[in-house]
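Beneath this line is the structure, given in structure tokens, with notes to follow.
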Protein chains: 2
Amino acid sequence: MSNTREKIIELADQLIRTKGFNAFSYADISAPLDIKNAAVHYHFPNKADLGIAVIEQEIARLNDGIHQWKKLSPDARLKKMIAIFQQRYKQRTICLVGSLTPDYDTFSPAMQQKVQEMCKGILDWMADCLEEGREAGNFSFEGDAYDRALMVMSNLMSSLLYSRVLGGNIFGRMSKQLSKDLI
Amino acid sequence: MSNTREKIIELADQLIRTKGFNAFSYADISAPLDIKNAAVHYHFPNKADLGIAVIEQEIARLNDGIHQWKKLSPDARLKKMIAIFQQRYKQRTICLVGSLTPDYDTFSPAMQQKVQEMCKGILDWMADCLEEGREAGNFSFEGDAYDRALMVMSNLMSSLLYSRVLGGNIFGRMSKQLSKDLI
DNA sequence: TTGCTTACTTACTAATCAGTCAGTATCTTT
DNA sequence: AAAGATACTGACTGATTAGTAAGTAAGCAA
């Protein structure tokens, strides 16, 4: 098993979060790993293949988390999700959804589908979490759980974007407020 | 006065919203306007100058709106802002904040400053609108008005991103829910 | 009418881009 | 030991990128 492949995916993930998918190049990957750009093409024939691999890794990690958190209460699960974003906030990076959805129209159909899959997965999970929490009395909110999930994920995503641009503890303020709003 | 300059800005605005700042080229502008790429460089020596001009136009339009809405009630002003995003939703484009903040790290310092200025302007306006509305009894919400402004703008921005990726009337659902939450 | 400014075009350039292909060293399997 | 697969390198390519420098036509002002 080559771990070059995994290193490429990890680096591409970082580059997508910092520069965006369309702004990073094969050289941005081959140079730091001290390999030739042809080696990157060996593992990922074209850029979309690499993008898809990065998204699939993210989906897999998300599913891992979901599986591990299954026995936690809905509000503990929400905290876990917020903690993931907090980690990103500390690293000064943004989430994949926030990085990839603005460039959606420039992607190949296969990659668009993966972006869609990632978005749907996170939103469905959050909607389930919120609905279960409401039924169990952990959460209290008005309206459809899916609409609320859209708003919560929207706030988490944007908190990272705004934090990077405006500085200050915008992530802390937004995550605190969105948690309060659900009680 | 040349209106080529204005046409370039307008087209660049469209391209930033659809492809993103780093993914459009001078050829994407010169070809549709039937001019040479050197003509674009005549008006905007480098790409950052063009980006800054697009952001400045957006800030100017926003200030125009703010000025025109001054005599409206806070909830009517909020509706006007939502209407701007609804228009973008119908055009299947996203907002400049949603398009530019993910690529923030790749911009020149001067352009970063403009992005910051745009974000601050919108958020300050929204915070004032919400605070005034709360004091007048039009709105009811918990916590700091600025935090609430962050969440409202976050939802409007993301509603356009999610709409394009997931289809359906996500904009309608989110804008309706965020309005309800403020009453 | 001379001189200056505006708004370009023509014709480039050097760099960078994603992607290709033939070759090779090193394992692994038979 | 031979054959094949794996994981690359070396040496490219053609397209596209932002950006430049010189020239020009039209308008305007002294």
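These numbers come from the heavy atoms of this one structure, side chains and all, not from hydrogens, waters or symmetry mates. Chain naming here is simple, since letters A, B, ... match the order of the sequence lines and numbering starts at 1 in each.
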Discussion item. With a cut-off of less than 4.0 Å, is there a side-chain N or O of A:H43 near OP1 or OP2 of D:dT6?
Written reply: no
Item to complete: Starting at atom CG of A:L50, determine the distance to atom P of C:dC17, rounded to an integer number of angstrom.
Response: 14 Å
Discussion item. Between B:D28 and B:K19, does any side-chain N to carboxylate O distance fall below 4.0 Å?
Written reply: yes
Discussion item. Tell me the interatomic distance from A:I35, atom CD1, to D:dA7, atom C1', rounded to whole angstroms.
Written reply: 10 Å
Fill in: B:N37 side-chain proximity, nearest of D:dG19, D:dC8, C:dG19
D:dG19
Fill in: Closest listed nucleotide, where the reference is the side chain of B:K36 and the choices are C:dT10, D:dA18, D:dT9
C:dT10
Item to complete: Classify the angle between the aromatic ring planes of A:H41 and A:Y26 as parallel (below 30°), tilted (30 to 60°) or perpendicular (above 60°).
Response: parallel
Worksheet, complete the sentence: Rounded to whole Å, the CG-P distance (A:N22 to D:dT16) equals 16 Å
Worksheet item: Tell me, do A:M174 and B:D147 make a side-chain contact under 4.5 Å, heavy atoms counted?
Response: no
Response to the item:
Of the listed C:dA18, D:dA18, D:dA7, the closest approach to the A:Y42 side chain comes from D:dA7
Worksheet item: For A:K47 and C:dT20, what is the distance between atoms NZ and C1' respectively, to the nearest whole Å?
Response: 18 Å
Worksheet entry | Distance below 4.0 Å between A:Y26 side-chain N/O and C:dG19 OP1 or OP2 | yes
Discussion item. Could you tell me how far apart B:L33 (CG) and C:dC8 (C1') are, to the nearest whole angstrom?
Written reply: 13 Å
Practice prompt. Check the pair B:R148, B:D144 against salt bridge (Lys or Arg N to Asp or Glu O under 4.0 Å), reporting the backbone distance first and the verdict last.
Written response: CA-CA 6 Å; B:R148 194 58 56 179; B:D144 195 80; over 6 Å; no
Response to the item:
Taken to the nearest whole Å, CG/B:D34 to C1'/C:dC8 is 13 Å
Discussion item. I want to verify a distance call: between D:dC8, D:dG19, C:dC8, whose nearest atom is closest to the A:T4 side chain?
Written reply: D:dC8
Discussion item. Measuring from the side chain of A:S25 (C-beta onward, heavy atoms only), which nucleotide among D:dT9, C:dA18, C:dC8 has the closest atom?
Written reply: C:dA18
Worksheet item: Mapping A:F44 and B:V40 onto DNA chain C by nearest heavy atom, which one lands closer to the 5' end?
Response: B:V40
Discussion item. For A:I183, is there any backbone N or O sitting under 3.5 Å from a side-chain donor or acceptor partner on A:S140?
Written reply: no
Worksheet item: Over how many whole Å does the gap from B:H41 atom NE2 to D:dA21 atom C1' extend?
Response: 13 Å
Fill in: Along DNA chain C (nearest heavy atom to each residue), the more 5'-positioned of A:A38 and A:A27
A:A27
Worksheet item: Within this structure, what is the CG-to-P distance between B:N46 and D:dT17, rounded to whole angstrom?
Response: 17 Å
